[in-house]
Participant: 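Sharing a structure here in structure tokens format.
Quick caveat: nothing in here was measured; it's all calculated off a predicted structure.
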Amino acid sequence: MKKPIIPLLLSLFVIFVICQFVSASMSEHIVNYKIKARLLPDEKAVAGQQVLTWLNSSDQPVGELQFHLYLNAFKNNKTTFITESGGAHRGFKLDKKNWGYINIERFAVADGPDLTDAMEHIQPDDGNEYDQTVMRVQLPEPVLPQETITLEIDFHSKLPKVFARSGFYEDFFMVAQWFPKIGVFWKGEWNCHQYHDNTEFFADYGVYEVEITVPEEYVVGATGKRINETSNSDGTKTYTHYQEDVHDFAWTACPDFVEFREPFRMENPHVDTEMILLIHRMHLNHKDRYLSALKNGIEFYSESYGAYPYPTITLVDPAPKAIAAAGMEYPTLFTGGTMWWLPEGLHMTEMVTIHEFGHGYWYGMVGSNEFEEAWLDEGINSYSEVKAMAKYYGEDRSMIDWAGLKISDLVYQRAPVIGSSRLDPILKNSWEYYSSGSYATNTYAKAAVMLLTLENYLGESVMSEIMRTYFERWKFKHPTSEDFVAVAEEVSGQDLSWFFDQFLNSPDKLDYAISRIRSREVQDPEGIFDDQARTEGQEAEEEEQEEKIYRNEVVVVRKGELIFPQEILIRFEEGEEVMEKWDGRERWKRYVYFRPYKLESAQVDPEYKILLDINFTNNSRLMEPNKLPVWKHALRLMFQFQNILSLFSF
Amino acid sequence: MKVLKSYSNGVREATIRPKMVLLLWFFNLLFGFIIFYLLYNRLMEAMSRSAISEGMLSKVNYHFVFEFLTYHGQAWSTIRSTAVVLVCGYIMVSIYLLGGILHSLVETPKTSFSQRFFQGCGKFFGRFFRLFIYSLILWFVFFVFMFILYQVGDALTGKGVNEQLTYYLFLVGAAIALFFIFFINMIQDYARIKIVTEDSRYVFRSLFQSIGFVFKRLGGTLVLYYLLVLTGVVIALVYWGFKAVIPFSSAAAILITFVVSQLFIASHAWLKVAFQAGQLSYYTDSRS
């Protein structure tokens, strides 16, 4: 039988092309959004038409769909977001003359029934009937496993005056969380939380192709690569942006933006991307600061975790007075934040740039659930930020190096941990924290300090390998805390449950201290001893022969509930040093040494490796007080006070 | 010429009155020492027996600073409250001492310095305190003026949208505020001089007459005042230059820095006397 060789070859070619296509995409494309958006500057709104194709990647039929309608968080004063936040977010108040909301005008299955009337708002987290940030639609027929459904959705998004990351200020628009976004069907159910004061976002990866139409004087920046740009007869321009392997799409428009584009290339690992800076004309003096920090960010994260894979990265500098939009991450686009007058020694611009770029990794590529386990993006990213800032701006001055003040990012991260209350652990649903402060302290600062402590415990190279493996294994997926712990244990070859069980799940604190050091001369036997009789002559003879012996005692205590193995460095007067190791489990431990000399000092964790310890000052105890620094600082402060007095007496 | 003569008179009068300068410095040190005592005890407790103190000689350890503020927050708050009370107390003491300074400068030395000085302190305290209260009117006018200025600035910058303009307007605003603070201070100085030289009990009238005096001789009074301010600036620059080269990390260096810093505080006292003496000289020359 003659074999049909040409059709076979053609089939093989087609399969090869498909395989190439599949392997070229970095994530499983669950969603495919095609959106046409028109900015309505006078209305401060966006009119949108969205075609969404959703793939049911689970192994069960799905009969209903759930969507986030984030902008409805700003619809009235009874929403969950406004109720929880009191109408203020990160110190900025919601302008009650400019509510934000999203109206879905049409919701239909492509070539199928109109389901507009089937839409229903639900409140899976708190049952707040006024909250319309989540909606569900019952489908006429379920979507079978590995099948897709295409929906056509027309919507109208009214933006709030810039608040909680998105909105407008005069002619600046930060259009974020602006379209109906499908939830994540995960672990056999919809994971589609309401928009809370403390929560961020969670979505599936896919493809976004968005046409943005704005008045032609507007400069536009958006997620992904610009693939088309056309001028329209009505005085508008349409920009088309396209990006695969992302889970969100944000854009910005402002006539006062000045655009700078610069290529970024590095060899190992291979990175070839374009840096796009949209800087407000008021902040042009900080163009180089932004670009330099962005380069540092791309270099650090690529070297530390893996190559930055996208063709573009857009840094948006929000307009003055639109600072509520600053410091926020979206895939391949993020907002920085600066002020014209900000001195170079105050590294806020650099810190925000590096931090938000870093979210392209921890949130963007490693798509953990920000609603339920915010530490996986904020904590890991703050840890990365501390390391990057130290590398590029100086270990001891990475945050502030100005007017004689030198403060590191590590100090900045550790400070809230020191003063935090024992109310919440690191791992918790973001909307269930005691307060916004507690959320920020635990998910950002404490989690970062926890990872830095782990790095000091395991060693930098092991930790580096953990982070690279975690990134490599979980990029474009939805990992959980358990997945991170599993990678850490696998790479380190250690059971780290003792570490993560305590520090992720307990609100308690870690504090070891030297509670007592004492050197007492060993006394000769006095009194009545049954075994031998001692004469005065014998005692005198022994005294002449023997040198003094001291009983040196060190007591270490565990003042917090959390346990960490400790090293204790004990120094004696003659220069002798003893390093003790203690598992740190008991509430206290006594060490006794008989020496012909006295103790000088004792110090638990002498290299301050355990950064989670909330009190470094009590880590050590000196036999003799060190008064000189006290004199120095007390006199200095007195002098400053005397100057104030002089000032008031003129 | 009159201004320069008054300036040199002021400098000379302050220089030949070391007792007065020392007395003023002593009161400043006394108030400062209370804060030192509180701080010293608290810092001794907080860090003297910790190894963290070893690094605190060469630079500030901010881990310690935040721990101190956290674990000694109550004490720190007490120290701050004490400082506020002390500043208020010191303002009263300064009003009291100003009577002594001016009385000693005006009176011919028939009695001992301390007699003249404290006689003046007691004699004029009540009047100067009333002047202090009446001067609140001037400060109220000043705050209203600054508020209007702020509103104008806000409108010009679009409520801070134009950050560059906001920054420059802030600097201009600060300079204007400083000018008016100095100006009101100068008016008060001349009012006190008038009260002492004329032994006047009409404090309110003296205040307004001194305003008239200053406005009639605006150039002279301002030049004299700013010459004295400039002298203070030069002294401060010398001090900061010295401070920059001293490492401040050994016992000897701490001692030297303490002595020099107290000389700097004493120089404030000297400058204060120079201000009074210089303006007194200008006032009497202008009236004669």
Side-chain angles (χ1 to χ4, degrees), chain A residues 169-170 282-283 285 319-321 339-341 396 405-408 410-412 414-416 418-419 514 517 569 601-603 606 608 611 614-650, chain B residues 24 28-29 31-33 35-36 39-40 43-44 46-54 56-57 59-64 66-71 83 86-87 90-91 93-94 97 158-164 166-167 170 185 248-251 254 257-258 261-262 264-265 268-269 271-272 275:
Chain A
Y169 186 85
E170 295 179 349
M282 286 287 171
H283 299 149
N285 57 329
K321 289 282 177 177
M339 281 146 285
W340 179 86
W341 50 266
D396 64 337
L405 266 182
K406 292 180 184 10
I407 300 182
S408 71
L410 172 61
V411 167
Y412 173 77
R414 189 171 167 266
I418 295 167
I514 301 290
I517 61 170
L569 175 66
S601 67
Q603 188 167 2
Y608 303 110
L611 296 160
I614 55 160
N615 194 338
F616 280 168
T617 313
N618 69 12
N619 275 22
S620 53
R621 199 153 176 86
L622 308 176
M623 202 67 174
E624 295 299 325
N626 187 6
K627 291 182 183 174
L628 216 48
V630 175
W631 275 98
K632 174 185 164 169
H633 292 291
L635 284 175
R636 195 166 72 167
L637 289 167
M638 177 184 89
F639 171 64
Q640 286 168 4
F641 180 66
Q642 284 181 280
N643 275 301
I644 293 169
L645 291 178
S646 291
L647 198 68
F648 277 99
S649 70
F650 263 96
Chain B
L24 297 178
N28 183 293
L29 183 68
F31 276 69
F33 185 76
I35 288 297
F36 170 81
L39 280 167
Y40 180 83
L43 287 174
M44 274 298 281
M47 77 170 183
S48 69
R49 284 195 180 269
S50 171
I52 217 160
S53 65
E54 286 165 358
M56 293 281 284
L57 252 189
K59 59 179 181 180
V60 178
N61 181 328
Y62 286 98
H63 285 300
F64 168 76
F66 285 112
E67 288 177 8
F68 179 80
L69 294 175
T70 303
Y71 303 122
L86 286 174
V87 168
Y90 193 75
I91 290 171
V93 170
S94 295
L97 293 174
K159 293 194 170 180
V161 170
N162 189 335
E163 291 175 354
Q164 199 169 348
T166 306
Y167 177 78
F170 171 79
N185 202 36
F248 205 31
S249 57
S250 67
I254 290 170
T257 310
F258 170 71
S261 64
Q262 291 311 308
F264 181 58
I265 297 295
H268 292 170
L271 194 62
K272 188 172 177 174
F275 259 100

Participant: Would you please name every residue forming a side-chain contact (heavy atoms from CB on, under 4.5 Å) with A:A415, sequence neighbours left out?
Facilitator: B:F66
Participant: Please classify the contact of A:I418 with chain B as side chain, backbone, both or neither, using a heavy-atom distance under 4.5 Å.
Facilitator: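 Contact with chain B is through both the backbone and side chain of A:I418.
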Participant: Once you round to the nearest 0.5 Å, how far does CG of A:L645 lie from CG of B:L29?
Facilitator: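 Rounded to the nearest 0.5 Å, the CG-CG separation comes out at 10.5 Å.
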Participant: Under 4.5 Å between any side-chain heavy atoms of A:L647 and B:H268, yes or no?
Facilitator: no
Participant: Parallel, tilted or perpendicular: which fits the ring planes of A:W631 and B:F36, with parallel below 30° and perpendicular above 60°?
Facilitator: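 Ring orientation, 0 to 90° scale: tilted.
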Participant: Should A:I644 and B:F31 count as side-chain neighbours, where that means a heavy-atom distance under 4.5 Å?
Facilitator: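 Heavy-atom side-chain distance check fails, nothing below 4.5 Å.
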Participant: Is the shortest side-chain heavy-atom distance between B:F68 and A:T617 below 4.5 Å?
Facilitator: no
Participant: After noting the C-alpha distance and the side-chain angles of B:V161 and A:Y169, does the key distance pass the side chain to side chain contact (heavy atoms under 4.5 Å, CB included) rule?
Facilitator: CA-CA 10 Å; B:V161 170; A:Y169 186 85; 3.7 Å; yes
Participant: Measure distances from B:N162 to the heavy atoms of chain A and classify the residue's part below 4.5 Å as side chain, backbone, both or neither.
Facilitator: both
Participant: Under 4.5 Å from any heavy atom of chain B, what part of A:N619 do you find: side chain, backbone, both or neither?
Facilitator: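 For A:N619, no heavy atom lies under 4.5 Å from chain B.
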Participant: Output the option from A:I614, A:L410, A:D396 having the highest count of non-hydrogen pairs under 4.5 Å with chain B.
Facilitator: A:I614
Participant: Side chain from CB out, backbone as N, CA, C, O: work out which of these in B:Y167 comes under 4.5 Å of a heavy atom of chain A, or both, or neither.
Facilitator: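 Side chain only.
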Participant: Answer with side chain, backbone, both or neither: which region of A:F648 has an atom nearer than 4.5 Å to a non-hydrogen atom of chain B?
Facilitator: both
Participant: Chain B heavy atoms under 4.5 Å from A:I517: which part of the residue, side chain, backbone, both or neither?
Facilitator: neither
Participant: Which residues satisfy the ring pair (Phe, Tyr, Trp, His ring centres under 6.0 Å) test with A:H633, sequence neighbours excluded?
Facilitator: none
Participant: Just by modelled atom types, is the A:M282 backbone N or O under 3.5 Å from a matching donor or acceptor in the B:E163 side chain?
Facilitator: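 Checking the backbone N and O of A:M282 against the side chain of B:E163, no donor-acceptor pair under 3.5 Å is found.
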Participant: Which atoms of A:S649 are under 4.5 Å from chain B, going by heavy atoms: the side chain, the backbone, both sets, or neither?
Facilitator: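 Both parts, heavy atoms under 4.5 Å.
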Participant: Can you give me the closest heavy-atom contact between B:A51 and A:S620, atom names plus distance?
Facilitator: N-OG, 2.7 Å
Participant: Is there a side-chain contact between B:Q262 and A:Q642, using heavy atoms and a 4.5 Å cut-off?
Facilitator: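 Touching, per the 4.5 Å side-chain cut-off.
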Participant: Write down the atom of A:P625, the atom of B:R49, and the distance for their closest heavy-atom approach.
Facilitator: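 Taking A:P625 first and B:R49 second, the nearest heavy atoms are CD-NH2, 3.6 Å.
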Participant: As an exercise: rank B:F275, B:F33, B:F264 by heavy-atom pairs under 4.5 Å with chain A and give me the winner.
Facilitator: B:F264
Participant: Could you check A:V630, A:L628, A:L622 and say which one makes a side-chain contact (heavy atoms from CB on, under 4.5 Å) with B:S48?
Facilitator: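 Option passing the side-chain contact (heavy atoms from CB on, under 4.5 Å) with B:S48: A:V630.
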Participant: What residue, out of B:L39, B:N28, B:I35, B:T70, has the most heavy-atom pairs lying under 4.5 Å from chain A?
Facilitator: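 Most heavy-atom pairs within the cutoff with chain A belong to B:N28.
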Participant: Should B:L86 and A:F641 count as side-chain neighbours, where that means a heavy-atom distance under 4.5 Å?
Facilitator: yes
Participant: Flag the one option from B:K272, B:K159, B:M44, B:H63 with the top tally of heavy-atom pairs under 4.5 Å to chain A.
Facilitator: B:H63
Participant: Any idea which of A:K406, A:Q640, A:Q603, A:E170 has the most non-hydrogen atom pairs under 4.5 angstrom with chain B?
Facilitator: A:K406
Participant: Between atom CE of A:M638 and atom CD1 of B:I265, what is the distance when rounded to the nearest 0.5 Å?
Facilitator: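 Between atom CE of A:M638 and atom CD1 of B:I265 there are 8.0 Å.
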Participant: Answer with side chain, backbone, both or neither: which region of B:A269 has an atom nearer than 4.5 Å to a non-hydrogen atom of chain A?
Facilitator: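 Neither part.
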Participant: Measure distances from A:R414 to the heavy atoms of chain B and classify the residue's part below 4.5 Å as side chain, backbone, both or neither.
Facilitator: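 Contact with chain B involves the side chain of A:R414 alone.
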Participant: Could you give the distance from CG (B:L43) to CG (A:L637), rounded to the nearest 0.5 Å?
Facilitator: 7.0 Å
Participant: Relative to chain B, which segment of A:E624 carries a heavy atom at a distance below 4.5 Å: side chain, backbone, both, or neither?
Facilitator: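 When you check distances to chain B, only backbone atoms of A:E624 fall under 4.5 Å.
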Participant: Which atom pair, heavy atoms only, marks the closest approach of B:M56 to A:P629?
Facilitator: CB-CB, 4.1 Å
Participant: Can you tell me which portion of B:F170 sits under 4.5 Å from chain A's heavy atoms? Options are side chain, backbone, both or neither.
Facilitator: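 For B:F170, neither part sits under 4.5 Å from chain A.
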Participant: Relative to chain B, which segment of A:Y608 carries a heavy atom at a distance below 4.5 Å: side chain, backbone, both, or neither?
Facilitator: side chain
Participant: How about B:V60 and A:R636: do any of their side-chain heavy atoms sit closer than 4.5 Å?
Facilitator: yes
Participant: Does atom OH of A:Y412 have more than 12 heavy-atom neighbours from other groups under 6.0 Å away?
Facilitator: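 It does not: A:Y412 OH has 12 such atoms or fewer within range.
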Participant: Heavy-atom distances under 4.5 Å only: say whether A:L405 touches chain B with side chain, backbone, both or neither.
Facilitator: both
Participant: Using a 3.5 Å distance criterion without hydrogens, assess whether the side chain of A:R621 forms a donor-acceptor pair with backbone atoms of B:S50.
Facilitator: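 Side chain of A:R621 to backbone of B:S50, a donor-acceptor pair under 3.5 Å: no, none is there.
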Participant: What part of B:N185 lies closer than 4.5 angstrom to a heavy atom of chain A: side chain, backbone, both or neither?
Facilitator: side chain
Participant: Is the shortest side-chain heavy-atom distance between A:N285 and B:Q164 below 4.5 Å?
Facilitator: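 Result no, sub-4.5 Å side-chain heavy-atom pair not found.
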Participant: Heavy-atom distance under 4.5 Å to chain A: side chain of B:L69, backbone, both or neither?
Facilitator: neither
Participant: Tell me, do B:L57 and A:K632 make a side-chain contact under 4.5 Å, heavy atoms counted?
Facilitator: yes
Participant: Quick one: what part of B:L24 sits under 4.5 Å from any heavy atom of chain A, side chain, backbone, both or neither?
Facilitator: neither
